[in-house]
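Numbers here are sequence positions counted from 1. What you see below is based on every heavy atom in this structure, not just the backbone, and it leaves out hydrogens, waters and symmetry mates.
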Amino acid sequence: MSSPSPDALLGPADVRELAAALGVRPTKQRGQNFVIDANTVRRIVRTAEVRPDDVVVEVGPGLGSLTLALLEVAERVVAVEIDDVLAGALPATVAARMPERADRFALVHSDAMHVAELPGPAPSALVANLPYNVAVPVLLHMLDTFPTIERTLVMVQAEVADRLAAPPGSKVYGVPSVKANWYAEVKRAGSIGRSVFWPAPNVDSGLVSLVRRTEPVKTTASKREVFAVVDAAFAQRRKTLRAALAGWAGSAAASEAALVAAGVSPQARGESLTVEEFARIAEHKEAGAETEEQAQP
C-alpha cells in the first residue's frame, strides 16, 4: 500500500480555502465546527486504535479533516454527510489530496439518523466528530443499526462526554449513560481544546471510547422494554423509583411490586442503578401488573 504525502491532511489555511471556495459558512443549526489541526485528527485515529483492516464509518465528515486521517490507516472509510454542499465536495477533496486511497472511500449523502445500510463490507469501527446537537441519538442509532461496529471513538461536547461515560451514582449519570452501556463499555478517552476548531466553539470537547460488549446484557426483556424503564426513571430523577415508575407500571403499588421482584429498593433513584438492574425491573413488569389487578375492586 502506497503512503499518502505528508501534507495530504488539511491545515487551517486549507480548511478556510475549501470553505471559501464552496461558499460554506459553518452553521450552529447543524453543530458544525471544523477541525483545522492535523495533529488532532491523527491523535483521534491513534486513540481510536484504527487498524489497517478496519472498515470505518464516519458521521459528519464536514470538509474532510478526519476523513483523510482515517484513510491514512484504515482499509476503507465510509462517510455519512447530510449537508448537500459538503457531501458534493468531499469525494473531490479525497481524490485531490489522497488519490492513491480514493478507491477506499465511499460517501453516503444522508441524515445519519435515517441510515439503515452502508455500501461495501460491514463497518468494524465508528470514528466521528459528532455534531453537538444530535450526538447522543446519532451514536445510539449507529450502534443499534450496525452491530458489527466493535470499537467507537467519538468527539462530543465535554459535558456530553461526561454523561456518556458516567458510572452509576455520579451526578451526571443518566439516560445517555445507561443506554450507551447497553451496547458497550464506555470510558472517557481524552479532552480536545477549542483552538483546534474553526469556528472555535464556546465549549470544550471530549473523546469517548465505546467497546462493544462481547456478551449482551443478559435479560429476557427487549431493548425497547428496558429503555422504557430508563426513560421513566430519569424523567423524574429527583423522585424515588417507586414514584418515578408509577406511570410505567400503572400505579405506585405496581411499581413497588416490580421493583421488589427485581431486587431493587423502591426508595432508590435511577442514578444509582446499573443497566443490568434496569433490565431486571423491565423483566418484572408482570409482577407489578398482577398487583394492579389484585387492587382492582
Side-chain angles (χ1 to χ4, degrees), residues 28 30-31 33 44 47-48 57-60 80 111-115 125-147 149-192 201-213 216-217 219 221-239 241 244-245 247-248 264 268-282:
K28 284 186 179 180
R30 289 193 172 153
N33 296 94
I44 291 169
T47 305
V57 59
E58 180 191 8
V59 174
V80 181
D111 181 344
M113 284 298 296
H114 299 144
V115 169
L126 165 65
V127 183
N129 170 20
L130 290 178
Y132 290 164
N133 50 351
V134 293
V136 171
V138 165
L139 173 63
L140 296 177
H141 171 75
M142 296 298 288
L143 290 173
D144 192 57
T145 306
F146 301 104
I149 294 174
E150 299 170 356
R151 287 163 290 114
T152 295
L153 188 81
V154 291
M155 178 160 56
V156 294
Q157 186 174 337
E159 183 183 337
V160 175
D162 290 339
R163 285 181 191 156
L164 283 167
S170 163
K171 288 182 179 179
V172 294
Y173 183 75
V175 172
S177 328
V178 184
K179 291 184 177 179
N181 204 237
W182 169 266
Y183 299 103
E185 299 297 330
V186 190
K187 67 177 184 180
R188 269 291 224 128
S191 299
I192 302 289
N202 54 12
V203 292
D204 294 321
S205 301
L207 298 175
V208 181
S209 164
L210 301 97
V211 177
R212 190 174 294 269
R213 288 172 173 266
V217 176
T219 178
S222 68
K223 181 201 73 173
R224 183 179 57 81
E225 290 168 335
V226 176
F227 282 14
V229 180
V230 175
D231 289 335
F234 287 102
Q236 305 176 76
R237 65 183 296 150
R238 292 181 181 277
K239 293 189 176 182
L241 287 171
L245 297 181
W248 164 80
V264 175
R269 288 179 169 76
E271 63 204 45
S272 67
L273 268 57
T274 64
V275 66
E276 288 82 5
E277 287 172 313
F278 279 111
R280 286 210 308 273
I281 296 168

Visitor: For K187, which residues count as a side-chain hydrogen bond (donor to acceptor under 3.5 Å, both in side chains) partner, sequence neighbours excluded?
Guide: none

Visitor: Which residue pairs satisfy the salt bridge (Lys or Arg N to Asp or Glu O under 4.0 Å) criterion with at least one member in residues 272-282, sequence neighbours excluded?
Guide: R213-E276

Visitor: What closest approach, in Å, do A221 and T219 show between heavy atoms, and which atom pair accounts for it?
Guide: N-OG1, 3.0 Å

Visitor: For I149 and M142, which heavy atoms make the closest approach, and how far apart are they?
Guide: CD1-O, 4.0 Å

Visitor: Considering only heavy atoms from C-beta outward, does the side chain of F234 approach that of V178 to under 4.5 Å?
Guide: yes

Visitor: Please name all residues satisfying side-chain contact (heavy atoms from CB on, under 4.5 Å) with A158, sequence neighbours left out, ordered by chain then number.
Guide: R188, D204

Visitor: Sequence neighbours excluded, which residues qualify as side-chain hydrogen bond (donor to acceptor under 3.5 Å, both in side chains) partners of R269?
Guide: none

Visitor: Can you give each donor-acceptor pair under 3.5 Å made by side-chain atoms of residues 163-174, sequence neighbours left out, with the distance rounded to 0.1 Å?
Guide:
{"from": "R163", "atom 1": "NH2", "to": "E159", "atom 2": "OE2", "distance (Å)": "2.5"}
{"from": "S170", "atom 1": "OG", "to": "V172", "atom 2": "N", "distance (Å)": "3.2"}
{"from": "Y173", "atom 1": "OH", "to": "L273", "atom 2": "O", "distance (Å)": "2.5"}

Visitor: Check F278 against V230 and note the closest heavy-atom contact, atom names and distance.
Guide: CG-CG2, 3.8 Å

Visitor: Got a sec, which residues hit side-chain contact (heavy atoms from CB on, under 4.5 Å) with S222, two or more places apart in sequence or on another chain?
Guide: R224, E225

Visitor: I44 and L153: which non-hydrogen atoms are nearest, and at how many Å?
Guide: O-CD2, 3.3 Å

Visitor: Who passes side-chain contact (heavy atoms from CB on, under 4.5 Å) against V203, sequence neighbours left out?
Guide: Y132, Q157, P201

Visitor: Taking ring-ring contact (aromatic ring centres under 6.0 Å, His included) as the test, write out the residues that go with F227, two or more places apart.
Guide: W182

Visitor: For V115 and H141, which heavy atoms make the closest approach, and how far apart are they?
Guide: O-NE2, 2.9 Å

Visitor: For K239, what residues pass the salt bridge (charged side-chain N to carboxylate O under 4.0 Å, His left out) criterion, not counting sequence neighbours?
Guide: none

Visitor: How close do A233 and G270 get, heavy atom to heavy atom, and via which atoms?
Guide: CB-CA, 4.3 Å

Visitor: Once salt bridge (Lys or Arg N to Asp or Glu O under 4.0 Å) is applied, what residue pairs with a partner in residues 125-134 remain, sequence neighbours excluded?
Guide: none

Visitor: Who pairs with D231 by salt bridge (charged side-chain N to carboxylate O under 4.0 Å, His left out), at least two apart in sequence or on another chain?
Guide: K179

Visitor: Just do the side chain to side chain contact (heavy atoms under 4.5 Å, CB included) check on V57 and V80 with the steps written out, would you?
Guide: CA-CA 7 Å; V57 59; V80 181; 4.1 Å; yes

Visitor: Taking salt bridge (charged side-chain N to carboxylate O under 4.0 Å, His left out) as the definition, give me every residue that meets it alongside R212, ordered by chain and number, with sequence neighbours left out.
Guide: none

Visitor: Look up atom CG in L130 and atom CD in E58, then write down how far apart they are to the nearest 0.5 Å.
Guide: 9.5 Å

Visitor: When rounded to the nearest 0.5 angstrom, what distance separates CG in L210 from CG in L126?
Guide: 8.5 Å

Visitor: Supply the atom-to-atom distance E271 CD to R238 CZ, rounded to the nearest 0.5 angstrom.
Guide: 9.0 Å

